[in-house]
> 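Sharing a structure below in structure tokens format, with a few things to ask.
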Amino acid sequence: MNLRPAKSDVRLLAIMEAGTVTGPAKNLIDFCARARGFETEAAGFPSVDTSIITFERSELAGGRDPVLNESSNPFVIAARAAGVETSVIGERFRFDRRVIPALRRIVESAEPSIVQTHNVKSHFLFRLSRPARTAPWVAFHHGYTTTNLKMRAYNQLDRWSLRGADRVVTVSHAFALDLSRLGVRQDRIRVLHNSVDAGRMMDEETKAEAASLRARIGVASGERIILAVGRLSREKGHSDLIRALDALRQIHRDVRARLVVVGDGPERPRIEAAAARLGLADRVMFAGQVSNVRPYYAMSDLLALPSHSEGSPNVLLEAMAAKLPVVATEVGGVPEIVTHSESALLVKPRDPEAMARAIGAVLRDGSLARGLIENAYATAINRHSPEARLRALLDIYRELIPESGRGHSSDELSRKLIERSEPQQCRIEQIHY
């Protein structure tokens, strides 16, 4: 498949493995919509056109040409529906080296201005296959999942892979420090927090869906809903949250609360077992992976984020935009986004009792909750808009291909690009993180 975009000044080729529209995948497709489609010849500003390469496990991967024409992958379907040309390389297993010739061939055919990679596998395969003469490489570091020893071994590959990138974009200063300790040159690291489109989080339809959802799951009068959204992996700390729910009923007997967990992952059996062991099976609802999480924000009283490590969590930003008060652990990029007692209540990780006390304070003090909501919403609007993220990305690309600006200043270029974007052409609901 020829992925070379026509008549664009910045030809961006993104390599990402994704099976669902997770946070990074959603951010990528949203960027495609916001940064393309400009009348560059008339305006004198560059357009940014993005193509995607991804990988998919397939029985057809053993053939001579592993590039697949059809795909049932939700990420591929969403990208193509948004008008983003997407090439799918079939593989027999994870880190199948036989995909390298196809990857190199597609990259060379696309003739990109910038190549960007996402996650460990894409970093590794691109560095192995990178042609001797190719476009600048921007690697996006979203953090690591430490589900098992195999994943930990895969994560170690980034020590080698990321050192070869021209720029490494990560989502928090905490992660940037970790990267420099791994040997990535500090002058190549850029920090870029995630963004949220606050205007899309709540509308009348979402509120109606929330009311229907509360009725469907049987929320009783006076019952408070604590929401947790995220992949059920060990570093997300959901077992701590179960223990916090147990502590909450001991500390605040007047608070009747139910925990709703949105998301799925390998830790689900352990979390369910912990809830049963503490006699909380009827107080915890596992919603699984859902296609539209907004009604869950709208029906809830509080978001709990009990992670042991985080970068720039989309769920935190979405809760802020949904005007839902937040209790979170003070890890990674979380305190870079919210301030304790001003826009959220922050507690130390792995401390269920501290989290229980913070949750109880928010649920029992309406004035506190309203203050946190107001300040958090203002922060989401002013500091974490998609437009701000677009400006920052354009600045990074201009560092590597300064001629793309055609002599215009970065601020002016960014402003014009944003004004001319049409995000409504690529609206995708978030599934889980």
> Give, for atom OG1 of T379 and atom CG of L316, the distance between the pair rounded to the nearest 0.5 Å.
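Here the rounded value is 10.0 Å.
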
> For F124 versus S161, what's the shortest heavy-atom pair and its separation?
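Heavy-atom minimum between the residues: CA-OG, 3.3 Å.
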
> So do the side chains of D49 and R11 get within less than 4.5 Å of each other, counting heavy atoms only?
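A side-chain contact is absent here, since even the closest heavy-atom pair is not under 4.5 Å.
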
> Within this structure, what is the CZ-CG distance for the pair R190 and L393, rounded to the nearest 0.5 Å?
12.5 Å

> Testing the basics here: between T54 and A18, what is the closest heavy-atom pair and its distance to 0.1 Å?
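Heavy atoms of T54 and A18 come nearest at OG1-N, 3.9 Å.
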
> Have a look at L13 and tell me which of I114, I52, I53, T50 forms a side-chain contact (heavy atoms from CB on, under 4.5 Å) with it.
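Answer to the side-chain contact (heavy atoms from CB on, under 4.5 Å) test with L13 among I114, I52, I53, T50: I53.
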
> With a 3.5 Å distance limit and no angle check, can you tell me whether D203 reaches the backbone of E205 through a side-chain donor-acceptor pair?
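Answer holds: yes.
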
> Run the numbers on Y297 and T206 for side-chain contact (heavy atoms from CB on, under 4.5 Å), then give the verdict.
CA-CA 9 Å; Y297 289 117; T206 297; over 6 Å; no

> So, do V67 and R105 sit near enough that their side-chain heavy atoms are less than 4.5 Å apart?
yes

> Which is it for V184 and D158 under the side-chain contact (heavy atoms from CB on, under 4.5 Å) test, yes or no, and what are the steps along the way?
CA-CA 10 Å; V184 179; D158 261 13; over 6 Å; no

> Identify the heavy atoms of L162 and A139 that sit nearest to each other, and give their distance.
CD2-CB, 3.6 Å

> Measure across I226 and A304 and return the closest heavy-atom pair with its distance rounded to 0.1 Å.
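Here I226 and A304 meet closest at CG2-CB, 3.9 Å.
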
> When you look at R243 and M355, which way does the side-chain contact (heavy atoms from CB on, under 4.5 Å) test go after all the steps?
CA-CA 9 Å; R243 290 192 288 272; M355 176 154 281; over 6 Å; no

> Main chain of E342, side chain of N375: is a donor-acceptor contact present, judged purely on distance under 3.5 Å?
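Checking the backbone N and O of E342 against the side chain of N375, a donor-acceptor pair under 3.5 Å is found.
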
> Is any side-chain heavy atom of M320 less than 4.5 Å from a side-chain heavy atom of I337?
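A side-chain contact exists here, since the closest heavy-atom pair is under 4.5 Å.
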
> Is there a side-chain contact between L363 and D301 in this structure, where contact means two heavy atoms from C-beta onward sitting under 4.5 Å apart?
yes

> May I ask you to say whether K348 pairs ionically with D351, meaning some side-chain N is under 4.0 Å from a carboxylate O?
no

> Taking atom OG1 of T170 and atom CG of L177, what is their separation to the nearest 0.5 Å?
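Going from OG1 on T170 over to CG on L177, the span is 11.0 Å.
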
> Donor-acceptor pair, distance only, cut-off 3.5 Å: does the side chain of S71 make one with the backbone of N73?
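Yes, the answer is positive, given that a donor and an acceptor are paired below the 3.5 Å cut-off.
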
> Are the side chain of E336 and the backbone N or O of A174 linked by a donor-acceptor pair below 3.5 Å?
yes

> Using 0.5 Å steps for rounding, measure from the CD1 atom of I77 to the OG1 atom of T86.
11.0 Å

> Evaluate the side-chain proximity of V315 to V293: yes if any heavy-atom separation is below 4.5 Å, no if none is.
no

> Does D30 reach the main-chain N or O of K26 with its side chain, forming a donor-acceptor pair under 3.5 Å?
no

> For the backbone of A210 and the side chain of R214, can you confirm whether one donor and one acceptor N or O come within less than 3.5 Å of each other?
no

> Are the charged groups of K236 and E267 less than 4.0 angstrom apart, N to O?
no

> Between L400 and W137, is there a side-chain heavy-atom distance shorter than 4.5 Å?
no

> Using a cut-off of 6.0 Å, state whether more than 12 heavy atoms not belonging to E374 lie near its atom CD.
no

> Should the pair H118 and H142 be assigned to parallel (<30°), tilted (30 to 60°) or perpendicular (>60°) ring geometry?
parallel

> So do F175 and V168 actually touch side chain to side chain, heavy atoms under 4.5 Å?
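They are not in contact (no side-chain heavy atoms under 4.5 Å apart), so the answer is no.
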
> When you check the side-chain N and O atoms of E330 and H340, is any donor under 3.5 Å from an acceptor?
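Note: E330 and H340 side chains miss the donor-acceptor criterion.
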
> If we only count heavy atoms from C-beta on, is the I271 to V261 side-chain gap below 4.5 Å?
no

> Hey, does the side chain of R389 reach the backbone of N194 with a donor-acceptor pair shorter than 3.5 angstrom?
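Between the backbone of N194 and the side chain of R389 there is no qualifying donor-acceptor contact (under 3.5 Å).
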
> For the residue pair D240 and P352, what are the closest heavy atoms and their distance?
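Heavy atoms of D240 and P352 come nearest at O-CB, 3.6 Å.
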
> For A228 and L241, which heavy atoms make the closest approach, and how far apart are they?
CB-CD2, 3.7 Å

> Between atom CD of E318 and atom CE of M201, what is the distance when rounded to the nearest 0.5 Å?
4.5 Å

> For the CD atom of Q116 and the NE2 atom of H123, what is their distance to the nearest 0.5 Å?
10.5 Å

> Between D178 and L182, is a side-chain contact (heavy atoms from CB on, under 4.5 Å) present by the stated rule, with each step listed?
CA-CA 6 Å; D178 290 341; L182 292 176; 5.6 Å; no

> Checking salt bridge (Lys or Arg N to Asp or Glu O under 4.0 Å) for the pair E91/R98: CA distance, chi angles, key distance, verdict?
CA-CA 8 Å; E91 61 181 2; R98 292 183 63 180; over 6 Å; no

